[in-house]
Amino acid sequence: MTVMNRKPQESLQDSLQQVTRLLERHKLVEGMVHKQEGPKHDLVEQLVHRQNLAELENKLANLHPADIAYILEALPPVDRLTVWGLVDADDDGEILLEVSDAVRESLLADMAPHEMVAAAGQLDTDELADLVPDLPSDVQSAVLGTLDAEDRAEVQSAMSYTDDQVGALMDFEMVTIRADVKLEVVLRYLRRFDELPTHTDKLFVVDDNDILKGVLPLNVLLISDPEQYVEAVMADDVVVFQPFDDAGDAAQAFERYDLVSAPVVDSNHKVIGRITVDQMVDVIREESDAEVLSLAGLKDEDLFSSVGKAVKNRWPWLALNICTAFIASRVIGAFEDTIAHLVALAALMPIVSGIGGNTGTQTTTLIIRGLALGQIQPSHTRMLLLKELGIALINGLMWGAVLGLMAWALYGKWDLGLVMMGAMMLNMIVAALVGLFVPLTMQKFGRDPAYGSSVMITALTDSLGFFIFLGLATIFLM
């Protein structure tokens, strides 16, 4: 399949639309044929069924497994299983690796045990480590039973690490060479390979005990004198990782140093695997997706999952929202007399809480990003606090004055304008404090700083915003 000189996203959308149209036509024709009667009804129905699905099957056969995975994620469950049943079985393993965890679960539920074993048999050992944990226990045993002792040990080694550790992403296919050989010997050695492992941009230089000594970039190998020794041209300032390192930190290192591949070493500096840029791109994408969902208090959810699963995924934070909304309503209820005395307060107080929520979200987004990049240290807290307070004070004075003038112009009460200004300034300061300390506190207790932060910030700024505005109104306007 040719993929050069095309726009991937547009091509994906075109493919998705074509598959969707074929599915709709299939269902329409099937419905019409099913309603017809006659002695050859069953035969006609089978012929039409095969003809419609054959066109869809041909379309899928020309797509890359990653594109099929994208299409499967974008289809409702019934259509998804129809397409999944038409996919070339040789692509099953790669597709299962590409789809999200929630969609993978639905696809595996539709597969027979022998189909799962066959799909797993198409994968390399490092890829198997990603898929095997999601398989039923009996299928896991069957898959591991098909491997030789070395491959089984590699899979079990990768499975011993958590998903967010480098060890779980290790690729065991790599090329190692010795430092005391000539480059000509290395070139002859490489020509013995049918193909090099993917993303091979450097060779790992090791001693007799596989202890890493350096790396030999392929471009250096190709342009150097073949009579030179490896140790004379190799690089010894190598970026290395250990299997227990955080995968997110590794992804940042790949971005920072423009890496394509890097060795993974154990505590004795022995090379045990490598990680590559394609795996790091997946880590960055998954962390980005997870952060977007976490801000709303959600976990990974299939777009077309059942109502029951979606409700189970969303109800905890909705329950918290109800509690916080009830608290906000009680804050308002405590100032019923004030609101009854000056009805204008009811129209103005959503402005105060809304601006406060926006300020808090801006602050917490910046803090979460800093935490994710590892740029915030405990010693930075005081500096960040002073900075955010300064920003909140200036914005509060400026925009509080604007809203105070607007309140004065609308209701003809200068004292109401001053209360509006004071409430805006105080609530923006509170919002900055909340936006700073909520993610920092969550990280301190070992929780994802992004998980539900926006929900908590909105709840706190609403309640405190109402309290500040109505409290000032009660003191100065009653």
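These figures come from a predicted structure and were not determined experimentally.
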pair [X]-[Y]: side-chain heavy atoms closer than 4.5 Å:
{"X": "V155", "Y": "R152", "value": "no"}
{"X": "T200", "Y": "V260", "value": "no"}
{"X": "L464", "Y": "V331", "value": "no"}
{"X": "V352", "Y": "F466", "value": "no"}

Tell me, yes or no, whether the heavy-atom count around [X] atom [atom1], taken from other residues, nucleotides or ligands under 6.0 Å, exceeds 12.
{"X": "D110", "atom1": "CG", "value": "yes"}
{"X": "K270", "atom1": "NZ", "value": "no"}
{"X": "F193", "atom1": "CZ", "value": "yes"}
{"X": "R382", "atom1": "CZ", "value": "no"}
{"X": "F467", "atom1": "CZ", "value": "no"}

Could you report the tightest heavy-atom contact between [X] and [Y], atom names first, then the distance?
{"X": "L144", "Y": "Q156", "answer": "CD1-NE2, 4.2 Å"}
{"X": "P133", "Y": "A129", "answer": "CD-O, 3.1 Å"}
{"X": "L135", "Y": "Q140", "answer": "O-NE2, 2.8 Å"}
{"X": "M170", "Y": "S157", "answer": "CE-OG, 4.5 Å"}
{"X": "D462", "Y": "S353", "answer": "OD1-CB, 3.5 Å"}
{"X": "L259", "Y": "A253", "answer": "CD1-O, 4.2 Å"}

field: Sequence neighbours excluded - ring-ring contact (aromatic ring centres under 6.0 Å, His included) pairs with any residue from residues 127-150
entry: none
Taking [X] for the side chain and [Y] for the main chain, is one N or O donor matched with an acceptor at less than 3.5 Å?
{"X": "T364", "Y": "G360", "answer": "no"}
{"X": "D225", "Y": "E227", "answer": "yes"}
{"X": "R274", "Y": "D171", "answer": "no"}
{"X": "Q279", "Y": "L169", "answer": "yes"}
{"X": "E94", "Y": "P65", "answer": "no"}
{"X": "D245", "Y": "Q242", "answer": "yes"}

Let me confirm one number: the [atom1]-[atom2] distance from [X] to [Y], rounded to the nearest 0.5 Å.
{"X": "M428", "Y": "I468", "atom1": "CE", "atom2": "CD1", "result": "12.0 Å"}
{"X": "L60", "Y": "S15", "atom1": "CG", "atom2": "OG", "result": "9.5 Å"}
{"X": "L81", "Y": "L107", "atom1": "CG", "atom2": "CG", "result": "7.0 Å"}
{"X": "I367", "Y": "F437", "atom1": "CD1", "atom2": "CZ", "result": "9.5 Å"}
{"X": "L12", "Y": "H64", "atom1": "CG", "atom2": "NE2", "result": "11.0 Å"}
{"X": "D138", "Y": "M116", "atom1": "CG", "atom2": "CE", "result": "8.0 Å"}

task: Step by step, work out the side-chain contact (heavy atoms from CB on, under 4.5 Å) result for D201 and L218.
output: CA-CA 6 Å; D201 67 317; L218 288 184; 5.5 Å; no
- request: Sequence neighbours left out, what passes salt bridge (Lys or Arg N to Asp or Glu O under 4.0 Å) with D126? Give chain and number order.
  value: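 Applying salt bridge (Lys or Arg N to Asp or Glu O under 4.0 Å) to D126 gives none.
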- prompt: Angle class for the F244/Y161 ring planes (parallel below 30°, perpendicular above 60°, tilted otherwise)?
  reply: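 Answer is perpendicular, since the angle exceeds 60°.
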- request: Apply the side chain to side chain contact (heavy atoms under 4.5 Å, CB included) test between L72 and each candidate in R104, E98, R80; give the one that qualifies.
  value: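 Answer to the side chain to side chain contact (heavy atoms under 4.5 Å, CB included) test with L72 among R104, E98, R80: R80.
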message: Under the criterion side-chain contact (heavy atoms from CB on, under 4.5 Å), I'd like the reasoning laid out for I71 against L63: C-alpha separation, chi angles, the key distance, then a yes or no.
response: CA-CA 10 Å; I71 290 171; L63 295 177; 3.6 Å; yes
task: Take L190 and L221 through the side-chain contact (heavy atoms from CB on, under 4.5 Å) test and state the conclusion after the steps.
output: CA-CA 11 Å; L190 293 182; L221 171 64; 3.6 Å; yes
- prompt: Are T359 and Q362 close enough that a side-chain donor and a side-chain acceptor fall under 3.5 Å?
  reply: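 Distance-only check fails for T359 and Q362.
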E184/R188 ion pair, N-O < 4.0 Å: yes
